[in-house]
Amino acid sequence: MASTEDVVNQDQFDGIPKEKLLEILRSMLMSRRFEEKTAESYQVGKIGGFCHLYIGQEAVATGAISALREDDYVITAYRDHAQALVRGMSPRKVMAELYGRIDGCSGGAGGSMHMFDKDINFMGGHGIVGTHLPIATGVGYAIRYRQTDQVCLCFFGDSVVNGGPFHEAFNMTAKWELPVVYIVENNSYGMGTDIDRVAAVDELFLRACAYQGKRAEQVDGQDVLAVHAAVKRAVVRAREEKRPTFIEAQTYRYLGHSMSDPAHGVYRTREEVAQERERDPINTFVDQLTDAGVITDEQVEEIDQQVIAEVEDAAEFAENSAVPGPEEIYRNVYSDEYRGGADGRDAWR
Amino acid sequence: MASTEDVVNQDQFDGIPKEKLLEILRSMLMSRRFEEKTAESYQVGKIGGFCHLYIGQEAVATGAISALREDDYVITAYRDHAQALVRGMSPRKVMAELYGRIDGCSGGAGGSMHMFDKDINFMGGHGIVGTHLPIATGVGYAIRYRQTDQVCLCFFGDSVVNGGPFHEAFNMTAKWELPVVYIVENNSYGMGTDIDRVAAVDELFLRACAYQGKRAEQVDGQDVLAVHAAVKRAVVRAREEKRPTFIEAQTYRYLGHSMSDPAHGVYRTREEVAQERERDPINTFVDQLTDAGVITDEQVEEIDQQVIAEVEDAAEFAENSAVPGPEEIYRNVYSDEYRGGADGRDAWR
Amino acid sequence: MALITYREALNRALREEMERDENVFLLGEEVGEYDGAYKVSKGLLDEFGEWRVRDTPIAENGFAGLGVGAAMVGLRPVVEFMTWNFALLAFDAIVNSAAKMYAMSGGQYNVPIVFRGPGGSALQLSAQHSQVPDPWYANIPGLKVCTPATPADALGLLKSAIRDNDPVVFIEGELLYNVKGEVPDGEHLVPIGVADVKRAGADVTIVTHAKMVHVALQAADQLAKEFEVEAEVIDLRCVRPLDTGLAIESVRKTNRAVVLEEGWPIAGIGAQLVDDIQREAFDALDAPIARVSGLDVPMHYARSLEKLIVPSPETVIRAVKHVCYLD
Amino acid sequence: MALITYREALNRALREEMERDENVFLLGEEVGEYDGAYKVSKGLLDEFGEWRVRDTPIAENGFAGLGVGAAMVGLRPVVEFMTWNFALLAFDAIVNSAAKMYAMSGGQYNVPIVFRGPGGSALQLSAQHSQVPDPWYANIPGLKVCTPATPADALGLLKSAIRDNDPVVFIEGELLYNVKGEVPDGEHLVPIGVADVKRAGADVTIVTHAKMVHVALQAADQLAKEFEVEAEVIDLRCVRPLDTGLAIESVRKTNRAVVLEEGWPIAGIGAQLVDDIQREAFDALDAPIARVSGLDVPMHYARSLEKLIVPSPETVIRAVKHVCYLD
Ligand SMILES: Cc1ncc(C[n+]2csc(CCOP(=O)(O)OP(=O)(O)O)c2C)c(N)n1
Ligand SMILES: Cc1ncc(C[n+]2csc(CCOP(=O)(O)OP(=O)(O)O)c2C)c(N)n1
Ligand SMILES: [Mg+2]
Ligand SMILES: [Mg+2]
C-alpha cells in the first residue's frame with residue numbers, strides 16, 4: 001500500500017497514489033515509443049508479417065491493465081504490443097519476438113500477432129477475430145472451478161460484436177456468472193469498415209441487453225483515468241460478485257489498420273485523423289498531471305528519455321538475439337516426443 | 001377474395017373468411033393425424049433415422065404459414081413435417097420421403113429432417129441447429145436484390161438463440177433491412193435441456209434488443225389465430241417496409257425430442273406434459289369455432305375423417321413407392337455430369 | 001477381464017480419470033441431466049456435480065473455445081460433441097486455437113483437452129449427420145486423433161487422451177456404442193499412436209481403423225472359409241500419430257495390401273497409407289495396393305443406398321481377391 | 001494476348017461475369033469501399049453498386065450461409081473470404097449446407113456459389129494465417145475445388161466457377177497476386193477439373209498445383225541445366241474433380257514421379273496422387289513415388305524457419321534426384 005504522503009489529493013485522481021499515476025504515464029509512453037520504433041524497424045525490413053500498431057489507443061490498455069492484480073489474466077487480439085508491455089512483458093522480449101528471434105517471448109514463433117508470456121498470465125495475442133472471447137470465458141470458468149478470486153480481462157475490437165463467437169461467449173459468461181471483464185476497444189473501424197456500416201446497433205455497449213446478468217458501460221477511451229476507474233469497478237464486481245461486465249471504450253487508431261495500410265485512405269479523411277489526434281490520450285494525461293502539479297514538464301521529459309533509451313536497448317537486444325535454427329522447427333508442435341509426420345514423410349529436407 | 005357471406009363476423013376471428021378458418025383447422029388436423037401415423041410407421045420400422053414430431057405445436061406452423069402468399073418462401077429446421085404439409089406439400093410426397101422411397105419429395109435422399117419442395121418454395125428441412133437462419137437471411141437478401149415484394153418465413157427452435165448463426169443472421173437481416181420473418185417455436189426445451197438453464201435471457205424475444213431495426217413480439221403459440229395475426233402484421237411490415245420481425249411463439253412438444261426419446265424423462269414431469277396437453281391448440285380452436293357457431297362438432301368429425309383417410313392413402317402410396325436403386329447413388333451430387341471420385345477409386349462395387 | 005460395451009468402457013474411462021484428477025471436467029450438450037445423448041456420461045453429474053459435468057447451450061464453437069481457455073490455465077476439459085457433424089461449427093476452435101496454441105506461444109501454453117463424440121454414419125441419418133472427419137483432423141499438426149474400434153481400446157485410449165498434454169480429437173463409432181468386448185480389470189491404458197494386429201494372417205494385409213475394423217474382420221473370416229486366404233488385419237487405432245510400421249512390416253510378409261476406411265476417397269486416410277506403404281515396401285509389393293472407402297457422395301437417407309455407400313465385407317473381399325489375383 | 005497480373009485476371013473475371021449476368025454478386029469483408037483486402041475487387045463497387053458488391057460484417061459463417069440462401073433462390077453469389085484461414089469459421093456453411101443441399105433435396109436445390117480467397121502461406125504470417133485447406137475441401141463430395149497457378153488459369157477458372165451450377169471452392173495464392181502472365185484477349189474459359197502440362201519432359205513427372213507449380217518449374221529448369229534431367233510438370237489446376245489422367249499418362253512415359261504440394265503431408269493431395277498413380281501405373285514405376293509437402297508443423301513466424309517449412313526448388317530437386325537414382 002502507498003503511504004498517505006504519496007496520495008495525490010485532487011479528487012480528479014480519485015485517490016490513486018502518485019507513484020501509480022507515474023507508472024500509468026510511463027506505461028503509455030512506453031507503449032507509444034515502443035511502437036514508433038516498431039514502425040521504424042518494420043520499414044527497414046527487420047520486422048515482417050502483419051503488424052498492427054496501437055498508437056492513439058494507449059489509454060485503453062494502460063487504464064485497464066493497471067486496474068488488475070498480478071495473478072489476474074489478460075488476453076487480447078492481434079493488436080497486442082501495448083497490452084503485453086503494460087502487463088509487464090519486457091520490451092526486449094516483445095521486440096525480439098517482432099524480430100523473429102530466439103529471445104522473443106514466443107521464441108520467434110508467433111511474431112507481432114501472438115505475444116504470450118505465461119509468467120505474467122498474458123495469454124496472447126490471437127489472430128482470428130473474435131475467437132479469443134470464448135477462450136476468455138474458459139479462463140473465467142476455470143477461476144470459478146478453482147474458487148479463486150482471480151479475474152480475466154479480455155480486450156477485443158469493435159468488429160467483434162457482429163460475430164458468432166461474441167454471442168456464444170457472452171451468453172455463457174453471463175449465464176454461469178464468470179469473472180470476466182470484456183472491454184471493446186472501439187476505434188470505430190474494423191480495417192476499412194466503419195462499424196456503423198455493419199452493426200445493427202447504435203452504441204456497441206447496448207448489445208449487452210441481450211445477456212441478462214452482464215452489466216455494460218461506455219467510457220471515454222482517450223481518458224486513461226476514466227478507463228481505469230471503469231475497469232476497477234468491473235474487476236471488483238467480478239472478484240467479489242463473480243459477475244461479468246462489458247465495457248465499451250471509445251478510442252481511435254492514428255495509423256493504418258496494419259503496417260501495409262495507409263493512415264487514412266478511402267474509409268476516413270485526413271481531417272478526421274488530424275482532429276482525433278487533438279485529444280491524444282498521453283498529452284491529455286500529461287496536462288492533467290502537470291496542471292495538478294503532480295509532475296513537472298521536466299520530469300515528464302525525463303521519463304520519456306528513460307523510456308526511449310529502454311526501447312533502443314530492446315531493439316539492440318533483438319538485433320543481437322539469434323535467429324531460430326532448424327532444430328526449432330518441430331520443438332513446440334507437441335509437448336511430448338511425437339514429432340508429427342516427420343518420419344520419412346519429409347525425407348527431402 | 002371471399003365474398004361477404006363467408007366472412008364470420010365475430011371480431012375474435014378478425015375478419016378471417018370462414019373457408020380460411022376451416023382450412024386452418026384442416027391443416028392442424030392433417031399435421032396431427034399425419035404424425036400419429038408417422039409414429040406408428042416408425043415403431044414398425046417403416047421409417048428410420050432421426051424423426052422429430054411436431055405434435056402439440058401445430059398452431060405455430062399453421063397460424064404462421066397461413067399468413068403467407070404463394071410466392072413467399074418458407075424454411076425451417078429438422079422438425080419439419082408440419083411446415084411442409086401446411087405449406088401445401090402433398091402428404092404422399094412427405095410420407096414417401098419418410099419411407100425413403102423414390103416418390104418422396106427428396107427422392108428418399110433426405111428423410112424426415114430434410115423435406116424440400118421447390119414448387120411451393122419450401123426450402124427445407126435443415127439438420128444443423130441454427131444454420132438455416134443465415135440461409136433465410138440470404139433469401140431475404142435475394143428478395144431485395146430482385147426488388148420483388150416476397151417475404152421469407154423462417155422457423156427455428158428455442159435453443160437456436162444461444163448460437164452464433166442466430167446472432168450473425170439477425171445482425172445482417174436488421175442492418176440491411178431484409179424482408180425476413182423469424183419465428184422461434186419456443187417449446188421450452190432443446191432436447192433435454194430447459195432453455196432457462198442455458199440462455200442468459202428471461203424471455204427469448206428480448207434478444208431482439210441487440211439488433212435495432214428488428215421488431216420483436218411474443219405470442220401464445222397454442223392460439224392459432226394469435227400466431228396468424230402476429231405473423232400477418234410481420235409479413236405486411238416485411239413486404240411493405242422491408243423490415244424484419246422476430247416473433248416468439250410459446251408452444252409445447254407433447255412427445256419426446258425424437259422418436260428415440262421418451263415423452264417426458266428426467267427433464268420434465270409426466271404432470272407437466274399432462275397439464276400442457278390441457279391447452280391443446282386443436283381442441284382450443286375447435287371449441288372456439290363451435291362456440292361461435294362457425295362449425296358443428298359433426299362437421300369437425302367429418303373433416304377429421306377426410307384427413308385420416310388422406311393420411312392412410314399417403315401411407316399406402318409410400319408403401320408402394322419404389323425403393324431407390326443403385327443408379328440413384330451419384331445422381332444428385334452434382335448438377336452436371338461430374339460423378340465425384342467414382343473413377344477407379346471405388347472399383348470394388 | 002470383464003465383458004462390457006464400448007459405451008460402458010468410455011463411461012468408465014471418464015469416471016476413473018475424473019476421480020484420479022480433479023482438473024478433469026466434462027462439458028457439452030446434454031452431458032449432465034440427460035446422461036449424454038448416447039448415455040456415455042451416465043451418472044457423472046450425480047457423482048461430480050455441475051461444475052465438473054456442465055450442460056452447455058448449443059454453441060459448439062463457443063464451448064470448444066471455452067475448453068481451450070480452461071485448458072490453457074491448467075484444467076483438463078473433455079469436450080463432448082453430440083456428434084462430430086456438429087463440430088464443423090467448432091472447426092476453427094479446434095484447428096486455429098487448440099492445435100496451434102502450443103506452437104505459436106513458443107511452447108508456453110500447451111492445451112490438454114479432449115474433443116470427443118461419435119463420428120461416421122449410423123443408420124439413415126442422411127447427409128448432414130453421416131460424415132467421417134478423420135482425414136481433416138489427421139492432416140492437422142498439433143492434434144492427435146484417436147479412433148478406437150473396441151471397448152478395450154476405447155477405455156485405454158480415452159484414459160491416455162485425458163492424460164495427454166496436447167489436444168486430442170477422439171472419434172467414437174456411433175454404431176459401436178453397444179459393441180461388447182473384454183477389457184482388463186484394473187488400470188488399462190493404451191498408448192496413443194500405436195497400431196495393433198487384430199487378426200494375424202500371411203496372405204494379405206488389410207489396414208484399417210475405427211468401425212471398419214469389424215468389417216475387415218468379418219471379411220477376413222469369410223476369406224479364410226471360402227478362399228483359404230488368411231488376411232492380417234491391422235487396426236491403426238489412431239490416425240495421428242499414424243503408426244504405419246506394423247502395416248509396412250506386414251506387407252513385407254504378405255506382399256499384398258488392401259487399405260480400408262469408411263470415409264470419402266479423395267485425400268482420405270487410405271491414400272496416406274498407400275503413400276507410406278509404397279514408399280517403404282515398394283519392392284515387396286506383388287500388386288498395386290487396393291483402396292476401399294465409402295462412396296464419394298453425401299450420405300443418402302434411403303437404407304437401400306446407405307448399405308451400398310458404406311464399405312461392406314463383400315466390398316473388402318472383392319478388393320482382396322483382386323490384389324491376390326483371384327478375380 | 002495481354003500480360004496482366006493474377007490479381008488483374010481475377011478482377012477481370014469478376015467484372016466480365018457481373019456484366020454478363022445480373023444475378024452474379026460479390027460479398028465479403030472489405031470487398032466494396034476498400035476494393036478488397038488484396039484489391040481483387042478494385043472498382044467493382046463503383047461500377048455495380050452496394051447490392052452487388054456488399055461489404056459484410058466479420059461473420060464468415062453468417063455471410064457464407066447468406067450466400068447459400070441467395071444461391072438457392074437463383075442468384076450467383078461470389079463469397080470472398082479475406083483469407084481461407086478465416087473460412088474455418090464457415091466450414092459448416094460450406095460443408096454441411098452448400099455441399100449437401102443438392103443431394104439432400106433430391107436434386108431440387110442446386111447451389112451456384114463460389115467461395116473464394118487466398119490460401120496457403122504468405123510471408124511471416126505465423127500459424128493461424130498460413131494454412132493450406134486444399135485437402136479438406138478436396139475430400140468433400142458436392143464441392144468443386146479450383147487452385148489456379150497462373151493469371152490465365154485464374155481468369156478462365158474463375159469465370160467457369162461463377163457459371164458453374166454447383167458450389168465451387170476457389171483457392172487463390174496469397175503470393176501469386178502480383179505474378180504476371182499472358183492471358184488471351186476476349187472470352188477465356190478454362191474447364192473445371194482438367195489438368196495441364198506446364199512443362200514437357202521425358203525423364204520424370206512432377207505433379208503439383210497452385211503456388212507449387214512455380215516451384216516445380218524452377219526446379220525443372222535447374223534439373224535440366226545441372227543434371228540434364230528433363231522434368232514434365234503437370235499442373236492439376238483443380239483438386240476436385242481431381243484429373244490424374246495426364247499425370248498417369250506422363251508417368252507411363254517417364255516411369256518416375258514426384259508429387260508436390262505446399263500443405264501438410266498426412267492425407268494431403270499428394271497422398272491421393274500416389275494412390276491414383278500406383279493404382280493405374282504400377283508396372284510403369286521404376287521407383288517409389290516421392291512426395292514433397294510442407295513440413296508437418298504449424299507455420300513459424302521466423303523467416304529463417306518459414307523458408308524451410310515451405311517446399312523449395314532445392315527440396316524438389318533432391319526428391320527428383322532420388323527417384324532418378326542420382327543421389
Ligand atoms: C475471422 C476473421 N475474419 C477476418 C480477419 C481479417 N481481419 C484482421 S483484423 C480485421 C479487422 C478487425 O477490426 P476490429 O475488430 O475493430 O479490431 P481493430 O483492428 O480495429 O483493433 C480483419 C477483418 C480475421 N483476422 N479474422
Ligand atoms: C449444431 C448442432 N448441435 C447439436 C445438434 C443436435 N440436436 C438436434 S436437435 C437439438 C435440440 C434443438 O432444440 P430446439 O432448437 O429447441 O428445437 P426443438 O427440437 O425443440 O424443436 C440438438 C441439440 C444439432 N443438430 N446441431
Ligand atoms: Mg476497430
Ligand atoms: Mg425447443
Where is the tightest heavy-atom contact between Pro265(D) and Gln272(C), given as atom of each residue plus distance?
O-OE1, 3.1 Å
Without swapping roles, check the side chain of Gln128(C) against the backbone of Asn96(D) for a donor-acceptor pair under 3.5 Å.
yes
With a 4.5 angstrom heavy-atom cut-off, could you sort out which part of Ala103(C) is near chain D: side chain, backbone, both or neither?
side chain
Go through the steps for Gln131(D) and Val95(C) under the test side chain to side chain contact (heavy atoms under 4.5 Å, CB included), then give the verdict.
CA-CA 10 Å; Gln131(D) 302 178 83; Val95(C) 176; 3.5 Å; yes
Ranked by heavy-atom pairs below 4.5 Å to chain D, first place among Ile269(C), Ile140(C), Asp134(C) goes to Ile140(C)
Pro133(D) versus chain C, heavy atoms under 4.5 Å apart: side chain, backbone, both or neither?
neither
So for Ile94(C), is it side chain, backbone, both, or neither that comes closer than 4.5 Å to the heavy atoms of chain D?
neither
If one checks every heavy atom of Asn61(D) against chain C at 4.5 Å, the contacting part turns out to be side chain
Quick check for you: among Ala99(C), Ala138(C), Pro135(C), which has the greatest number of heavy-atom pairs under 4.5 Å with chain D?
Ala138(C)
Just give me the residue among His129(C), Met104(C), Met299(C), Arg291(C) that pairs up with chain D most often, heavy atom to heavy atom, under 4.5 Å.
Arg291(C)
Which region of Ala87(C), side chain (C-beta onward) or backbone (N, CA, C, O), has a non-hydrogen atom less than 4.5 Å from a non-hydrogen atom of chain D, or is it both or neither?
neither
The residue among Ile277(D), Asp275(D), Ile289(D) that forms side chain to side chain contact (heavy atoms under 4.5 Å, CB included) with Gln278(C) is Ile289(D)
For chain D, find which of Gly270(C), Ser126(C), Gly268(C) contributes the most heavy-atom pairs closer than 4.5 angstrom.
Gly268(C)
Rounded distance (nearest 0.5 Å) linking atom CG of Asp286(C) with atom CZ of Phe282(D):
7.5 Å
Chain C interface, residue from Asn85(D), Val297(D), Asn139(D) that has the most non-hydrogen pairs under 4.5 Å:
Asn139(D)
Anything under 30° is parallel, anything over 60° is perpendicular, the rest tilted; go ahead and classify Phe91(D) against Phe91(C).
parallel
What pair of heavy atoms forms the shortest contact from Ala127(C) to Lys100(D), and how long is it?
O-CE, 3.2 Å
Turns out that what part of Glu60(D) lies under 4.5 Å from chain C's heavy atoms comes down to neither
Options Ala93(C), Gly106(C), Ala287(C), ranked by heavy-atom pairs under 4.5 Å with chain D, top entry
Ala287(C)
